[in-house]
> 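Got a structure for you, questions after.
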Amino acid sequence: MPTTTAPPSQRAPGKALIAGCAGFIGSWLTDKFLEAGWSVTGIDSLFSGSRRNLKAAAGPQPFTFLEGDILDRLDVESDLIVNLACPAAPPRYQSDPLYTFKTSVLGTMNLVALAGRTGARLVHTSTSEVYGDPEVHPQREDYNGSVNPIGPRACYDEGKRAAETFLFDSHRHSGLDVGVARIFNTYGPRMDPYDGRVVSNFLRQALLGEPLTIYGEGQQTRSFCYVSDTVEALWRLSVNEPAHLGPINIGNPAEITILELAETVKELVGDVTLIFEPLPADDPRRRKPDITRAAEQLDWAPKVPLREGLSHTLTYLDDLLSSGEFSAIRSPHAAKQVASAR
Ligand code: UDP
């Protein structure tokens with residue numbers, strides 16, 4: 001008789017608190033919880049998130065938005081807390097490094113305290129940046145990383161590492177129900193076109209008819225995961241039973257150089273030029289997740305290929321940049337280019 005694997009059971013819908021609900025990934029995860037029948041309270045300081053991302057959540061579902069900071073004491077009834085609250089694009093997190101570090105560490109400690117009071121499971125989004133500029137490739141979860149503790153990226157990298165330390169100690173010493181995801185480069189609709197990340201920069205620049213800015217020689221690599229894939233993995237880590245502790249890498253192992261990414265954008269959009277600019281300090285040279293653990297524990301693998309995901313993102317950013325919020329900076333030349341790429 002053929003053996004079949006029973007699908008994992010999932011937590012029944014209850015009350016979720018999503019920190020960072022107006023952010024790029026957080027807003028999609030909020031929508032996912034609402035669609036599944038959860039009642040959601042979302043909190044966001046709007047430091048890097050935006051109200052425009054909350055439009056979808058403002059439907060008939062039970063959603064409450066709190067504009068606020070996870071650095072402040074929170075008293076929200078919840079069965080499940082998901083922490084996505086932290087600026088994640090390098091220019092954004094470096095623009096206020098003290099705030100980034102505090103949000104990562106003290107903010108997470110605050111959510112641990114809340115989970116302790118309510119008995120909620122706490123799912124935390126950590127990052128591939130805990131591996132720093134890795135000497136081991138691809139990166140597995142048991143690699144301890146290579147981070148410069150005093151460099152310009154440290155506020156984020158070390159902040160996220162310290163948060164993981166606090167979460168794992170809370171699990172070991174207080175029995176806190178924790179799940180930790182390490183998210184690799186994610187892209188897709190609802191990215192902020194001005195967050196300074198490579199995908200948002202290249203697509204925005206292509207749409208505005210500006211040259212794509214390649215830092216260094218463009219030989220550094222990243223592995224880009226489409227947002228619906230990342231959100232599906234976070235959803236499973238949040239609600240699947242039995243629950244997993246992690247850390248679990250979430251990313252797409254399809255590794256490419258930044259120059260190859262620029263060439264792909266060029267193929268999609270057409271007439272674009274490239275310019276080369278200095279490589280930022282401590283920029284990781286290679287990055288690619290080993291996702292064996294995600295496959296085993298979450299039965300998950302990414303599905304959306306890069307070209308398809310970039311094309312959806314391009315359409316989103318095209319609409320956004322043409323909207324009232326941004327239209328003043330949109331050139332007719334760019335609009336023509338995108339129309340011909342479709
Ligand atoms: N990058 C680039 N041009 C840009 C923005 C970024 O060449 O306009 C490079 C950056 O130096 C890095 C990679 O693209 O090597 C990814 O950068 P991003 O800021 O998206 O994320 P990171 O993975 O560094 O956190």
Side-chain angles (χ1 to χ4, degrees), residues 23-25 48 84 86-97 100-101 104 125-134 137-139 145-148 151-161 181-227 230 249-266 269 272-289 306 309-310 313-314 317 321:
F24 159 48
I25 300 176
S48 54
L84 302 107
C86 191
R92 285 274 162 85
Y93 70 65
Q94 289 171 28
S95 73
D96 193 343
T100 299
F101 191 79
S104 249
T125 55
S126 188
T127 169
S128 56
E129 290 277 334
V130 299
Y131 304 120
D133 187 10
H137 194 78
Q139 292 79 54
S146 167
V147 173
N148 172 2
R153 298 178 87 100
C155 57
Y156 186 69
D157 300 12
E158 296 290 13
K160 289 286 187 178
R161 287 169 66 93
R182 289 180 179 159
I183 300 178
F184 285 63
N185 297 67
T186 296
Y187 71 99
R190 299 193 190 163
M191 289 189 94
D192 180 332
Y194 288 93
D195 70 8
R197 284 175 166 134
V198 70
V199 173
S200 12
N201 271 7
F202 282 3
L203 295 182
R204 187 197 74 243
Q205 289 160 342
L207 287 165
L208 297 180
E210 295 166 1
L212 311 193
T213 48
I214 314 272
Y215 300 163
E217 293 174 4
Q219 291 309 312
Q220 68 273 38
T221 70
R222 293 293 186 273
S223 306
F224 296 98
C225 190
Y226 190 62
V227 67
T230 299
N249 287 341
I250 296 177
N252 188 324
E255 179 187 14
I256 60 167
T257 67
I258 295 306
L259 205 51
E260 286 165 340
L261 176 70
E263 293 300 334
T264 310
V265 170
K266 200 170 170 178
V269 181
V272 296
T273 53
L274 313 181
I275 53 164
F276 290 82
E277 295 190 352
L279 190 66
D282 294 337
D283 200 281
R285 281 161 295 180
R286 298 185 75 184
R287 183 182 293 156
K288 169 181 170 161
L306 183 66
L310 284 178
T313 314
L314 191 67
L317 289 176
L321 290 168

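Indexing begins at 1, ligand by ligand and atom by atom, following the structure's order. If you read the sequence from its start, that first residue is 1, and numbering goes on from there.
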> Among all protein heavy atoms, pick out the one at the shortest distance from atom 9 (C) of ligand 1; state its residue, atom name and that distance to 0.1 Å.
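The closest heavy atom on the protein side is Q220 NE2, 3.8 Å.
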> Work out whether the distance between some heavy atom of E129 and some atom of ligand 1 is less than 4.0 Å.
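E129: in contact with ligand 1 (<4.0 Å).
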> Can you list the atoms of ligand 1 that are under 4.0 Å from a heavy atom of P90?
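Atoms satisfying the 4.0 Å criterion: 19 (O), 25 (O).
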> May I ask you to identify, for R285, whether its side chain, its backbone, both or neither come under 4.0 Å of ligand 1 on a heavy-atom basis?
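Looking at R285 and ligand 1, no heavy atom falls under 4.0 Å.
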> In the protein, what heavy atom is nearest to atom 13 (C) of ligand 1, and what distance, to one decimal place, separates them?
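Among all protein heavy atoms, the one nearest atom 13 (C) of ligand 1 is I258 CD1, 3.7 Å.
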> Between Y187 and L310, which heavy-atom pair has the shortest distance, and what is it?
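Taking every non-hydrogen atom into account, CE1-N, 3.6 Å.
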> Suppose I only count heavy atoms of I214 and a 4.0 Å limit; which atoms of ligand 1 are within that range?
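What qualifies from ligand 1 is 7 (O).
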> Can you tell me which residue and heavy atom of the protein come closest to atom 3 (N) of ligand 1, and the distance to 0.1 Å?
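I find the closest protein heavy atom is T213 O, 2.6 Å.
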> Answer whether the closest heavy-atom distance between the side chains of V227 and F24 falls below 4.5 Å.
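Yes, close enough: below the 4.5 Å cut-off.
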> Say whether S200 and ligand 1 are in contact under the criterion: heavy-atom distance to a ligand atom below 4.0 Å.
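Under 4.0 Å: no for S200.
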> How long is the span from the CG atom in L317 to the CZ atom in R190, to the nearest 0.5 Å?
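Between atom CG of L317 and atom CZ of R190 there are 13.0 Å.
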> In the structure I gave you, are the side-chain heavy atoms of C86 and T100 within less than 4.5 Å of one another anywhere?
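C86 reaches T100 side chain to side chain.
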> May I ask you to decide if R222's main-chain N or O and E255's side chain share a donor-acceptor pair within less than 3.5 Å?
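No, the answer is negative, given that no donor and acceptor are paired below the 3.5 Å cut-off.
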> Near E217 CD, under 6.0 Å, is it more than 12 heavy atoms from other residues, nucleotides or ligands?
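Check fails, neighbour count at 12 or below.
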> Should the proximity of R222 to ligand 1, defined as any heavy atom under 4.0 Å, be assigned to the side chain, the backbone, both, or neither?
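For R222, only side-chain atoms sit under 4.0 Å from ligand 1.
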> Number the atoms of ligand 1 from 1 as they appear, then name those within less than 4.0 Å of a heavy atom of N201, with their elements.
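Near N201, meaning under 4.0 Å from one of its heavy atoms, ligand 1 has 4 (C), 5 (C), 8 (O).
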> For P284, which part has a heavy atom under 4.0 Å from ligand 1: side chain, backbone, both, or neither?
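No part of P284 comes within reach of ligand 1.
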> List the steps, then state whether salt bridge (Lys or Arg N to Asp or Glu O under 4.0 Å) holds for R153 with E129.
CA-CA 9 Å; R153 298 178 87 100; E129 290 277 334; 2.6 Å; yes
> Closest by any non-hydrogen atom to atom 1 (N) of ligand 1: pick that one out of Y93, Y215, F184.
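Closest candidate by heavy-atom distance is Y215.
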> Provide the number and element of each atom of ligand 1 under 4.0 Å from a heavy atom of G196.
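So the atoms of ligand 1 that pass are 5 (C).
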> Between R197 and ligand 1, which residue portion shows a heavy-atom distance shorter than 4.0 Å: side chain, backbone, both, or neither?
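Near ligand 1, R197 shows its backbone as well as its side chain.
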> For atom 21 (O) of ligand 1, find the nearest protein heavy atom and state the residue, atom name and distance (0.1 Å precision).
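Looking at atom 21 (O) of ligand 1, the protein heavy atom closest to it is N185 ND2, 3.5 Å.
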> Any atoms of ligand 1 less than 4.0 Å from a non-hydrogen atom of P280? List them with their elements.
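What qualifies from ligand 1 is 11 (O).
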> Do any N/O atoms on D283 end up under 3.5 angstrom from N/O atoms on ligand 1?
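Yes; at least one N/O pair falls below 3.5 Å.
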> I would like to know whether R204 and D192 meet salt bridge (Lys or Arg N to Asp or Glu O under 4.0 Å); could you show each step before the answer?
CA-CA 10 Å; R204 187 197 74 243; D192 180 332; over 6 Å; no
> Going by atom types alone, do E277 and T213 pair a side-chain donor with an acceptor below 3.5 Å?
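No, no side-chain donor-acceptor pair sits under 3.5 Å.
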> Look at atom 20 (O) of ligand 1 and say which protein heavy atom is nearest, naming residue and atom and giving the distance to 0.1 Å.
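The answer is V198 N, 2.8 Å.
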> A side-chain contact here means heavy atoms from C-beta on lying under 4.5 Å apart; do F224 and V198 qualify?
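Yes - at least one pair of side-chain heavy atoms lies under 4.5 Å apart.
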> With a 4.5 Å heavy-atom cut-off, do N249 and S128 have their side chains touching?
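Result no, sub-4.5 Å side-chain heavy-atom pair not found.
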> Could you point out which residue of L321, V265, L208 forms a side chain to side chain contact (heavy atoms under 4.5 Å, CB included) with L203?
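Checked L321, V265, L208 against L203; only one passes side chain to side chain contact (heavy atoms under 4.5 Å, CB included): V265.
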> Please determine if Q205 has a nitrogen or oxygen closer than 3.5 Å to a nitrogen or oxygen of ligand 1.
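No - when backbone and side-chain N and O of Q205 are compared with those of ligand 1, no distance drops under 3.5 Å.
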> By number and element, which atoms of ligand 1 are closer than 4.0 Å to a non-hydrogen atom of R153?
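Near R153, the atoms of ligand 1 are 22 (P), 24 (O), 25 (O).
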